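These notes are about the structure you will find just below.
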Amino acid sequence: MVAAPAVAPHAELASFHFQTVTWQADGFGFDATSGEFFTASPTALMVMQALSEGMARPQILERLTTRFEVARSTAERDLESFLAELVHIGLTPESN
């Protein structure tokens, strides 16, 4: 990851759950249960798809380093930063 992935929510986030969001290849995410939709960068999309699948951090890190040409240490740092940002903006609980 070169820069922190971006996620732009387009609605209130109170009822957001990764398991209920469907992500499209173009970075568009839609939560049919709440009507919320989101846009994401390619890297953010990959991370959020992994979260939607219930993947743990080590699995997500493996997916990042396999899909993108990035050093493991860089991917790990960027993943931790991105997950912290998701917590900060209310898109995911701290437990992931």
Side-chain angles (χ1 to χ4, degrees):
M1 290 185 272
V2 175
V7 178
H10 296 285
E12 291 299 318
L13 302 175
S15 62
F16 180 86
H17 298 286
F18 277 105
Q19 290 72 26
T20 61
V21 176
T22 302
W23 293 98
Q24 303 298 315
D26 62 358
F28 179 80
F30 179 70
D31 185 341
T33 60
S34 69
E36 297 169 329
F37 62 96
F38 310 86
T39 56
S41 71
T43 307
L45 175 62
M46 198 254 19
V47 171
M48 289 188 291
Q49 285 172 328
L51 290 171
S52 294
E53 295 168 18
M55 286 187 164
R57 288 178 186 196
Q59 295 170 303
I60 297 170
L61 183 59
E62 181 64 30
R63 186 178 276 186
L64 283 170
T65 57
T66 300
R67 180 166 177 199
F68 301 100
E69 290 187 28
V70 61
R72 186 171 182 85
S73 60
T74 301
E76 187 169 22
R77 181 194 67 226
D78 290 352
L79 176 60
E80 292 303 318
S81 176
F82 181 57
L83 293 175
E85 182 62 22
L86 290 178
V87 169
H88 177 74
I89 63 175
L91 284 178
T92 189
E94 283 188 61
S95 62
N96 193 3

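All heavy atoms count here, side chains included; hydrogens, waters and symmetry mates do not. Note that the numbering runs from 1 along the sequence shown for the chain. Bear in mind the structure is a predicted one, so any value in this text is a computation, not a measurement.
Contact between Gln24 and Leu45 at its shortest, heavy atoms only, is O-CD2, 3.4 Å. Considering every non-hydrogen atom in both Thr65 and Val70, the closest pair reads CG2-O, 4.1 Å. Scanning both residues, Gln49 and Arg63, for their nearest heavy atoms gives C-NH1, 4.5 Å. In terms of heavy-atom proximity, Leu61 sits nearest to Glu76 at CD1-N, 3.4 Å. Of all heavy-atom pairs between Ala44 and Phe82, the closest is CB-CZ, 3.6 Å.
Summarising the geometry, atom OG1 belonging to Thr43 is positioned 8.5 Å from atom CG belonging to Asp78; distances are rounded to the nearest 0.5 Å. Residue Glu69 holds its CD atom at 13.0 Å from OG1 of Thr74, rounded to the nearest 0.5 Å. Here the CD atom belonging to Glu53 is positioned 9.0 Å from the CD1 atom belonging to Ile60, to the nearest 0.5 angstrom. In this structure, Met48 CE and Ser41 OG are separated by 7.0 Å, a value rounded to the nearest 0.5 Å.
Partners of Phe28 by ring pair (Phe, Tyr, Trp, His ring centres under 6.0 Å), not counting sequence neighbours, listed by chain and number: Phe37. In terms of the side chain to side chain donor-acceptor pair (under 3.5 Å) criterion, Ser73 has no residue partners (sequence neighbours excluded). Partners of Ala25 according to the side chain to side chain contact (heavy atoms under 4.5 Å, CB included) rule, which considers only residues two or more places apart in sequence or in another chain, do not exist here. Evaluation of the salt bridge (Lys or Arg N to Asp or Glu O under 4.0 Å) rule for Arg67 yields no partner, not counting sequence neighbours. Legend: residues meeting side chain to side chain donor-acceptor pair (under 3.5 Å) with Gln59, ordered by chain and number and at least two apart, are absent. Listed by chain and residue number, Arg57 satisfy the side chain to side chain donor-acceptor pair (under 3.5 Å) test with Glu80 (two or more places apart in sequence, or in another chain).
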